[in-house]
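In what follows, a single structure is set out as structure tokens and then discussed.
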Number of protein chains: 2
Amino acid sequence: MFSFTLDATPPRRSATCPLTQNGYFVNIRELARRSGVSTATVSRALNDRAEVSEATRERIRRLATELGYAPNEPARTLVRRRSDTIGLVWDSGQEAQGLHNPFLLGLLSAVRTALSEADYHLMLLTTPAPEDPEGTHLQAVRRHNLEGVIVLTTPPDDRFLRLLAASTVPCAGIDTAFTGPRTVRVSSDNAAGAEAAVEHLYALGHRRIATITGPLHLPPAAERLAGYRRACARLGLGVPEAYVAEGDFFLASGQAAARRLLEVAERPTAIFAAGDQMAIGALHAAADAGLAVPRDLAVVGFDDIDAASLVRPALTTVAQDQRALGEAAVAALRGLLDAEPGAGAQPAQARIVPTRLVIRGSSRSGA
Amino acid sequence: MFSFTLDATPPRRSATCPLTQNGYFVNIRELARRSGVSTATVSRALNDRAEVSEATRERIRRLATELGYAPNEPARTLVRRRSDTIGLVWDSGQEAQGLHNPFLLGLLSAVRTALSEADYHLMLLTTPAPEDPEGTHLQAVRRHNLEGVIVLTTPPDDRFLRLLAASTVPCAGIDTAFTGPRTVRVSSDNAAGAEAAVEHLYALGHRRIATITGPLHLPPAAERLAGYRRACARLGLGVPEAYVAEGDFFLASGQAAARRLLEVAERPTAIFAAGDQMAIGALHAAADAGLAVPRDLAVVGFDDIDAASLVRPALTTVAQDQRALGEAAVAALRGLLDAEPGAGAQPAQARIVPTRLVIRGSSRSGA
DNA sequence: CGCCCGTTTGGAAACGTTTACGGCACACAG
DNA sequence: CTGTGTGCCGTAAACGTTTCCAAACGGGCG
């Protein structure tokens, strides 16, 4: 029973390992030596396998926390062939910065906490430079044994991403329009959000409601326009073509579009803009035209960026639930991971999370 | 010479490995088999070691790219005892959200690209829940063999972080007030930025310049106030105590502080606010008081958040260079990594990156 | 008393890489 | 012709885990 072979073979490079608890290196072998069992048993104890007696399990665990043992993940990954790690990609394209910035960080936080609650680790993938070889993302996935990738709000024409989506790597995208054998798309209910905005304006008495859209080749922009149209139709509001102005999600385009809308013969009394920056632009246009908001013109935006609550009057807007989006993406990805590839060829339907209307001064003065 | 042992031992689980290029698994052994050399040579060729002939190196590399070989990082990490990976921590505290949100994402991007240019990988560490055991970050560092950690804008009282900083793990913090044996702090030149703001107002003819500070226990807030005072002293401007109002970096506090400042007998003609949200609050206060900006009152902020360019008049502000901050943090961390621990006990002086004054409509109408 | 079974344990082989060490072939000087 | 160096390469041992397989042990049952 007493098979103490203390210091039989001193480990080779222990002294140089930078990260030790008390100066000496503690791995599973050290734990085994100290507690007089084999490494197999230690591994079983720490991994909560059933085939260990309660007594030894407890003993080993106490020793492990006492010595500050931390399992070596690379070694585990190597032998288990799974890393419990997922990759994260987000667009670094400059063009979308102004648009998505504040939104992204909320998503990032949400994804991070949701993943860590599911005991996954998170690796940030670097967006490849344009001259990088194709498949950079795929390479990263293979190098690190990543089990899946979460993609945040990336333009649909990213060739690196298309390659990734086309592979068998499980991907969950938030506000991302890719499609592939093992991908899921998660997004806000853009249409319903737009409908809610229109209904809100209708309830306030508005009957001439115009809209400023985003670039219509982007799915969110198209969906918000569709929601606007559907609500108008349902409420019996006519939508003359002059009431639909296209913007690019940025402030200047919103201001210009609003200026045009305000010159229409049947001047609209309310504007629903598909993005907050454009809505703020509409506020400026109203001021330029000498119109008081919300008395002469009501404005509703979309996204609830930081600035929405800082401008004056504060902007009524359709808020996306970043936390829910992040959690939905993680849940969707886990679903993809659990489903064995090739098994059920379920089309991995898109997940839609609801939005929330935040009512502020730009639509009604009472609030 | 012809020691072909083709298919001597078929690899055990190749078929089940999910991430293969063409259906079969390609590792360094496969490359060796196909090119008729040993794994040692393959490794040397791929790692650009000198002891390989140019011919075989080229042959092996071509084969590698042709087969889509990706090195197994966990295995490399295991044997090399270094992961080329650094960890990233940022504050998840809700209270700072409104303040740092837009800023953080820029930092994140900058850090990510700077790290990937230096061939490091990035792992997101999850902020531990309050009930988590101490040392969670340290555990993560040891588990993943992380070589260092970058910390973004975290309140000084985070106990998890204090533990990390106290360890021998190299840490670089941006806008973070920790100190430890192997830590560097990187931050903007808050004092100089404040001075530049005051000088700008002085150059426009203002002589009665007040300030709204942040919470003075936070280093950035204190430094900005110090810069304001220094510039005023240098320019011969008196600073009556009533000209200094403390806020909390949020809009409401700025609005309230500005209201107080505008009631002072010698009413200031310009206000320097240590944060953009507070500056926007000052704009609102001016509007409430019937003062036109910038004619009756000039306002300068700090940070250049998104909203600064969206409000009306647009806000003149001191922009922090997020990219430079990120790069400086990475450079500082690399310095820490290169310096052997225990060698030169250099105190790892703080790195300061310059700010940039962005002049917009809130300080002068011409622009 | 012998056998079988269930529980707990240990030995050892993997996982994919890097690298210390030694060996072979060749060139060149003595 | 021998010795010495140099350039290139192969063998094998690590790195810290997990897990397959077998073994030890004790107990119940025929």
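By convention in this document, chain letters (A, B, ...) are assigned in the order of the sequence lines, proteins followed by strands, and residues within each chain are numbered from 1.
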Rounded distance (Å) that lies between atom P of C:dT17 and atom CG of A:Asn72: 16 Å
Non-hydrogen side-chain atoms of A:Leu115 and B:Leu124 separated by less than 4.5 Å: no
Pairwise ring pair (Phe, Tyr, Trp, His ring centres under 6.0 Å) hits with a residue in residues 33-62 of chain B, at least two apart: none
Side chains of A:Ser116 and A:Leu122 in contact at under 4.5 Å (non-hydrogen atoms): no
Those residues that, when tested against A:His144, pass ring-ring contact (aromatic ring centres under 6.0 Å, His included) (two or more places apart): B:His121
Spacing between A:Asp84 atom CG and D:dT17 atom C1', to the nearest angstrom: 14 Å
Integer-rounded Å distance: D:dT19 P and A:Asn47 CG: 7 Å
D:dG16 phosphate, OP1 or OP2, under 4.0 Å from B:Arg81 side-chain N/O: yes
Contacts of B:Arg159 that satisfy salt bridge (Lys or Arg N to Asp or Glu O under 4.0 Å) - sequence neighbours left out: B:Glu134
Within-4.5 Å side-chain heavy-atom neighbours: A:Leu108 and A:Trp90: yes
Give me the distances for all protein-to-nucleotides 23-28 of chain C N/O pairs that come in under 3.5 Å?
none

Atom-pair distance (CZ on A:Arg80; C1' on C:dG16), nearest Å: 17 Å
Under-4.0 Å side-chain N/O to phosphate OP1/OP2 contact, B:Arg29 with C:dG16: yes
With A:Arg143 via side-chain hydrogen bond (donor to acceptor under 3.5 Å, both in side chains) - residues at least two apart: B:Glu73
Distance in angstrom units between B:Glu58 CD and D:dC8 C1', rounded: 17 Å
Below 4.0 Å: OP1/OP2 of D:dG16 and any side-chain N or O of A:Tyr69: no
Contacts of type salt bridge (Lys or Arg N to Asp or Glu O under 4.0 Å), residue B:Arg59, not counting sequence neighbours: none
Short side-chain N/O contact from A:Arg76 to OP1 or OP2 of D:dT18, under 4.0 Å: yes
A:Asn27 side-chain N/O to D:dC15 phosphate OP1/OP2 under 4.0 Å: no
Salt bridge (Lys or Arg N to Asp or Glu O under 4.0 Å) partners of A:Glu327, counting only residues at least two apart: A:Arg323
Set of residues satisfying side-chain hydrogen bond (donor to acceptor under 3.5 Å, both in side chains) with respect to B:Thr136, sequence neighbours excluded: none
Base-pairing string, 5' to 3', of DNA chain D - Watson-Crick or wobble, under 3.5 Å, | interstrand: ||||||||||||||||||||||||||||||
A:Ala140: partners by side chain to side chain contact (heavy atoms under 4.5 Å, CB included), with sequence neighbours left out: A:Leu125
Touch class at under 4.0 angstrom, heavy-atom based, for A:Arg143 against every strand present: nothing
Sugar-phosphate only, base, or nothing, as touched by A:Pro74 at under 4.0 Å among non-hydrogen atoms: nothing
Residues that A:Arg61 engages under salt bridge (Lys or Arg N to Asp or Glu O under 4.0 Å), provided they are two or more places apart: A:Asp48
Base versus backbone protein contacts along nucleotides 4-11 of chain C [heavy-atom cut-off under 4.0 Å; B, S, -]: ----SBBB
Nucleotide C:dT17, atom P - distance to CD of B:Glu73 in whole Å: 10 Å
Rounded distance (Å) that lies between atom P of C:dG16 and atom CZ of A:Arg142: 13 Å
Touch class at under 4.0 angstrom, heavy-atom based, for A:Arg49 against every strand present: sugar-phosphate
Value in whole Å for how far the C1' atom of D:dT18 lies from CG of A:Leu78: 10 Å
